[in-house]
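One structure is given below, encoded as structure tokens.
Chain letters run A, B, ... following the sequence lines, proteins first and then strands; every chain starts at 1. Bear in mind that the values here come from a model prediction, so they are computed numbers and not experimental data.
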Amino acid sequence: MNGTASGGKRSPVETDLELIGQAQNGDRQAFGQLVRRHHQGVINVVYRMCGSMDLAEEAAQETFIRAWSHLPRYKPRAPFRNWLYRIAVNLARDALRRERPTVDVESIPLASGDQGPQALVEARERGEIVREAVTDLPPASKEVLVLREYEGLSYKEIAETLDIPIGTVMSRLNYARGRLRQSLAPYLEVL
Amino acid sequence: MKGHVTEWLGAYVDGELSGVRLRRVEWHLRECSACQGELDWLRALSGLLEESSAVERRTSPERFVAQVGLRLPRRQERPPAQRALEVGWKMVPAGLLFSLAFVHSVFLVAGVIQVALWMGLGGEVGALLLPGSSGGLSLPDLSTLSQASVADAVGTVSALVQSGSALAWLPVLYLCLLFVIGLLYCSWLASWWAHRRHQQLTASNHIS
């Protein structure tokens, strides 16, 4: 990250709140630390929603740029991570509206080296099917599922992040899981 | 078995249930094989999703951070005059509170002086300021004015005004100043609320 307002050595254990305070005063290095801490989660959220790594990295960058612009108005009522996820989800929605969702086969992770070639191929195929099933979910229930299953947010945090009631979080999650049960039935049986 | 808890199983797996609801689900699961089957299925689904949770990045973290850094726009610095105006705006309630205390003090002193003059302690000055004092006019007691009924207060004030006393206008002035301070505070409060609401809406629109 270029330039810093405060200069000097930065403590490695600075909390998000400390970094946010410095970034709010224009410290780009402090903001860089925040980006370093949270970018993986933001990329994951957008990727799970869009199914494309290129789109996810682009939207994640845009998320942080937007966060930087609105940081002076950020009030730490909710965790910074959840605030970022809110921006990321909104950007992912926009991206989904603009582009048809695609599954990026190249970005599918390789299974561990302990597995044989056959197991590797199967794991890769299964991963692709799961990602496709998640990507095909309706956006509203997909957002809730991604935040819960992949990012581990509590129902309350999801409700705050998406600005919806907790009851809606539960019903959307139940719906998403029901849909996945249908589309992933063969893979669930073999587990 | 009646009373299945299927709709709560997701929340149960996620550790979101507590109290009576949690006990009810746990009790039901011991008895109901259908719901137990649903629970197994939910756990299997979570496992399947977790298995595919790893995401292979195209860009290294360092490069990602650098790219974001290059794209960050320069924040617009607010001019000092605007910042001073903002600070001044936030100080308005304190200023009004100070004004209120000042008005109270001034009128308290004025009331004391008035009583002293009425009792004849002011000599000729008293006669000049209170020409109608010999007419048996009742004292304009500021301390009790607020407790008296509105009709009494209006009656007292109008009697004082008619007497032509120089101090007779004090209660009127006092009430007017209180009214103005109250009005200013309400206006500030209303504009502060409107400004805050506007900020929230703008932030929410931009984030969306």
Side-chain angles (χ1 to χ4, degrees), chain A residues 1-3 26 28 31-32 35-36 39-40 43-44 47-48 53-54 56-57 60-62 64-66 68-74 83 86-87 90 106-110 123 126-131 134 145 148-150 154-156 163 166 170-171 173-174 177 180-181 184 187-189 191, chain B residues 5-18 21 37-78 86 196 198-208:
Chain A
M1 192 84 31
N2 299 332
R28 295 162 84 95
F31 189 71
V35 175
R36 198 167 281 114
H39 74 285
Q40 188 62 59
I43 290 174
N44 283 353
Y47 173 64
R48 296 293 169 197
M53 184 48 78
D54 287 336
E57 291 197 342
Q61 285 193 13
E62 188 57 39
F64 285 106
I65 290 160
R66 218 172 258 204
W68 168 257
S69 303
H70 292 94
L71 204 57
R73 273 177 262 168
Y74 167 75
W83 186 65
R86 184 178 183 170
I87 302 174
N90 287 326
E106 282 180 32
S107 67
I108 294 165
L110 295 173
R126 198 161 52 227
E128 185 188 344
I129 300 290
V130 170
R131 255 179 293 276
V134 171
L145 183 92
R148 174 63 225 168
E149 290 287 354
Y150 293 111
S154 69
Y155 287 10
K156 188 169 176 282
D163 206 15
I166 287 186
M170 276 183 68
S171 58
L173 208 45
N174 282 343
R177 283 167 169 162
L180 289 179
R181 182 184 194 174
L184 298 173
Y187 297 90
L188 288 167
E189 280 165 13
L191 279 176
Chain B
V5 291
T6 326
E7 61 178 314
W8 298 104
L9 287 179
Y12 176 72
V13 169
D14 293 330
E16 293 279 346
L17 292 185
S18 61
R21 180 80 62 192
E38 286 286 319
L39 184 67
D40 292 342
W41 167 81
L42 274 172
R43 285 184 172 144
L45 178 66
S46 278
L48 189 62
L49 291 171
E50 197 182 332
E51 193 185 289
S52 66
S53 64
V55 174
E56 196 172 85
R57 299 277 308 278
R58 293 248 168 96
T59 315
S60 70
E62 290 72 27
R63 192 168 168 191
F64 182 87
V65 174
Q67 283 174 343
V68 171
L70 286 172
R71 290 180 60 188
L72 287 187
R74 187 171 289 279
R75 283 228 191 96
Q76 277 192 332
E77 287 290 322
R78 284 172 299 166
E86 280 175 19
R196 194 160 173 265
H198 172 73
Q199 266 192 333
Q200 281 174 342
L201 280 175
T202 314
S204 152
N205 286 342
H206 282 163
I207 286 172
S208 302

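Remark: A:R36 CZ to B:E62 CD distance equals 6.5 Å, nearest 0.5 Å. To the nearest 0.5 Å, the span separating CG on B:D14 from CZ on A:R148 amounts to 4.0 Å. In this structure, B:L72 CG and A:Q61 CD are separated by 10.0 Å, a value rounded to the nearest 0.5 Å. Between B:L48 atom CG and A:L180 atom CG the span is 9.0 Å, to the nearest 0.5 Å. The CZ atom of A:R48 sits 8.5 Å away from atom CG of B:L49, with the distance rounded to the nearest 0.5 Å.
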From CA spacing to verdict: side-chain contact (heavy atoms from CB on, under 4.5 Å), B:V68, A:W68: CA-CA 10 Å; B:V68 171; A:W68 168 257; over 6 Å; no
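When all heavy atoms of A:R28 and B:G69 are compared, the pair lying nearest together is NH2-O, 3.5 Å. Looking at every heavy atom in both residues, A:R177 comes nearest to B:G10 through NH1-CA, 3.4 Å.
Counting heavy atoms from C-beta on, the side chains of B:T6 and A:N174 never come closer than 4.5 Å. At least one side-chain heavy atom of A:H39 sits under 4.5 Å from a side-chain heavy atom of B:P61. With a 4.5 Å cut-off on side-chain heavy atoms, B:R71 and A:F64 do not count as touching.
Heavy atoms of B:L42 lying under 4.5 Å from chain A belong exclusively to its side chain. Only the side chain of A:I43 has a heavy atom closer than 4.5 Å to any heavy atom of chain B. Neither the backbone nor the side chain of A:A56 comes within contact range of chain B; no heavy atoms are under 4.5 Å apart.
In this structure, the side chain of A:E57 engages the main chain of B:T59 through a donor-acceptor pair within 3.5 Å.
Annotation: salt bridge (charged side-chain N to carboxylate O under 4.0 Å, His left out) contacts involving residues 37-49 of chain B, sequence neighbours excluded, comprise A:R181-B:E38.
Annotation: ring pair (Phe, Tyr, Trp, His ring centres under 6.0 Å) contacts of B:Y12 (sequence neighbours excluded): none.
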